[in-house]
Amino acid sequence: MTRASELTAINCTNCGAGLDVLGGGRVVSHVCGYCGSVLDAQHDYKVLKQFTDMPRPTTPFRIGMSGVINGVEFTIIGTLGKREDYRGRTWLWTDHQLFSPTHGYAWLTVENGHFVFTRKMREQPNQSWISSDLVEMSDYPPVAWFKGKSYKYFSTTTGRTVFVEGEFNWLPEVGDQNTAIALMSDDSMLRYVDGKTEREIELSTYLPFEETCTAFGLETENFQRDVHPLQPFTGSGNKAFVRKVFLGFAAISLFASVIFLMLPGTLLLSEPDIPDPSLPRIFEFQIENPDQLTQISIRSNVSNNWAAYTLELTDPKGETVFDTFRQTSYYHGREGGENWTEGSQRANIRFRPTEAGTYKLNLDREDGSVETRISVSVRSNITTSLWTFLAMGFFGIAALFIPNGKTRHNSKRWAKSDWSDD
Amino acid sequence: MNLFRIIILAGSTFAFGGASYLSYSGVWRESRDAAQSVRVGSSGGGYNSSGRIK
């Protein structure tokens, strides 16, 4: 039996108060907002029962308000006050039943100043049902897939009805309880609702505050007190961008540092295996690119001894570039069961020639040095990874100090999850 | 892309480019005694000259 479609208003059959009829032909019950009587909408609005002393929930919406949600005009036809008590804490929220002549019934939930839109699902996710027992027994948070999105377990809620008013497409009762297992993706929530008489799967999405208020003609200040689990990140994303850019440049700098570390430079002179006694000796090499860092390397095969050499370099004009010395000393042994080495068989000197031409290196052995054999090489275009390493450090440290707003936002969203690995 | 992002990207590119140029040029890697052009004498060698005392 359905109700007459032309009916737009009734008088409460208990208290006589005028009540608008807004909810379409599938409305089963109508709860009078004045006397709390539950009227049977399918049987001439006869009184089924009466609820008294119901605490009216906090909500800016009233029955009869209409607004467009996701392109569909819905009318608020009913209000449920819901409450959950768990371990000494209490959560309160308000569910408004919505009706659209073309799209049927849905829910608008108000919780801590946030608005959430919920509809029953006609299609099923890959997990057709998740019970609270399954959640309790799971080692990992249950996951479901729906339309290419992954939903991860968020919470189990047992809500109790404490207030009813308006029209509903079922028969609500004060004291009714249902348990909902909620799984969340980035922007929506699957809820497996185990009610008094049936099981349903619902899909919830977040409604932007300002737009929703405007759609329903509300003039209320934002009273959001926290981050809702379904609330999208509304930051500009600039911090995330800067962080990504800095991390990217840190990686590029590291790569460049490795390249500069491996570049051998341009070989200008290579004189291997020279016996010490042949010194002093003059080595000539040609500089074609002045202002590039140039390195003279001496490698001796000293072992547990030292050898020092004087180096005098003259430029193409015959003027002294430098007159200095280098020492190779290399010691090694075994002590306490461990091998040790000290010093190096290699010595370098780096300079920056100011003009192109032939340079002369006068190499001699210092008195007291052990006689050995040496190799001499000269390379230009010597690079250093110092600066790119510093750049890597700068970019890396800067990236660490930039707070990632989206990550922090998501942490707040998931902070309310009741999942525990225990 | 907004102006802020363009500035960040350009600044980072400039900083990396500058660091790469300095690295390629080997800036600040010259031996100190090679720039002074003065005769530096040897301190002599030996096992203890490097500070390893037994």
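Residue numbers start from 1 in every chain, and the chains themselves are labelled A, B, ... in the order their sequence lines are given, proteins ahead of strands. Because the structure is a prediction, the values reported are computed rather than measured. We use all heavy atoms of the structure for the numbers below, so side chains are in, but hydrogens, waters and symmetry mates are not.
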Which bit of [X] comes within less than 4.5 Å of chain B, counting heavy atoms only: side chain, backbone, both or neither?
X: A:Ile382; value: backbone
X: A:Ile252; value: both
X: A:Phe395; value: side chain
X: A:Phe246; value: side chain
X: A:Ser385; value: backbone

remark   = chain B shares the most heavy-atom pairs under 4.5 Å, among A:Asn381, A:Asn305, A:Val242, with A:Val242

query = So, A:Asp187 and A:Arg413, do they make that salt bridge, N to O below 4.0 Å?
reply = no

ask   = So does A:Arg352 pair up with B:Glu30, basic N to acidic O under 4.0 Å?
value = yes

request  = Return yes if a side-chain donor-acceptor contact under 3.5 Å exists between A:Thr310 and A:Asp364, otherwise no.
outcome  =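 On atom types as modelled, these side chains do not qualify, holding no pair under 3.5 Å.
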
message = Suppose we screen for salt bridge (charged side-chain N to carboxylate O under 4.0 Å, His left out). Which residues come up paired with A:Glu271, at least two apart in sequence or across chains?
response =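 In terms of salt bridge (charged side-chain N to carboxylate O under 4.0 Å, His left out), with neighbours along the sequence ignored, A:Glu271 is linked to A:Arg281.
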
request  = Mind checking side-chain contact (heavy atoms from CB on, under 4.5 Å) for A:Ala307 and listing every partner two or more places apart, or none if nothing turns up?
outcome  =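 By the side-chain contact (heavy atoms from CB on, under 4.5 Å) rule, A:Ala307 matches A:Val302, A:Tyr309, A:Thr328, A:Ser369, A:Val370, A:Thr372.
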
request  = Flag the one option from B:Ser23, B:Ser25, B:Ala19, B:Gly26 with the top tally of heavy-atom pairs under 4.5 Å to chain A.
outcome  =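 Heavy-atom pair counts peak at B:Ser23.
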
message = I need the minimum non-hydrogen distance between A:Ser303 and A:His332, along with the two atoms involved.
response = OG-NE2, 2.9 Å

remark   = Under 4.5 Å to a heavy atom of chain A? For B:Tyr24 that would be both

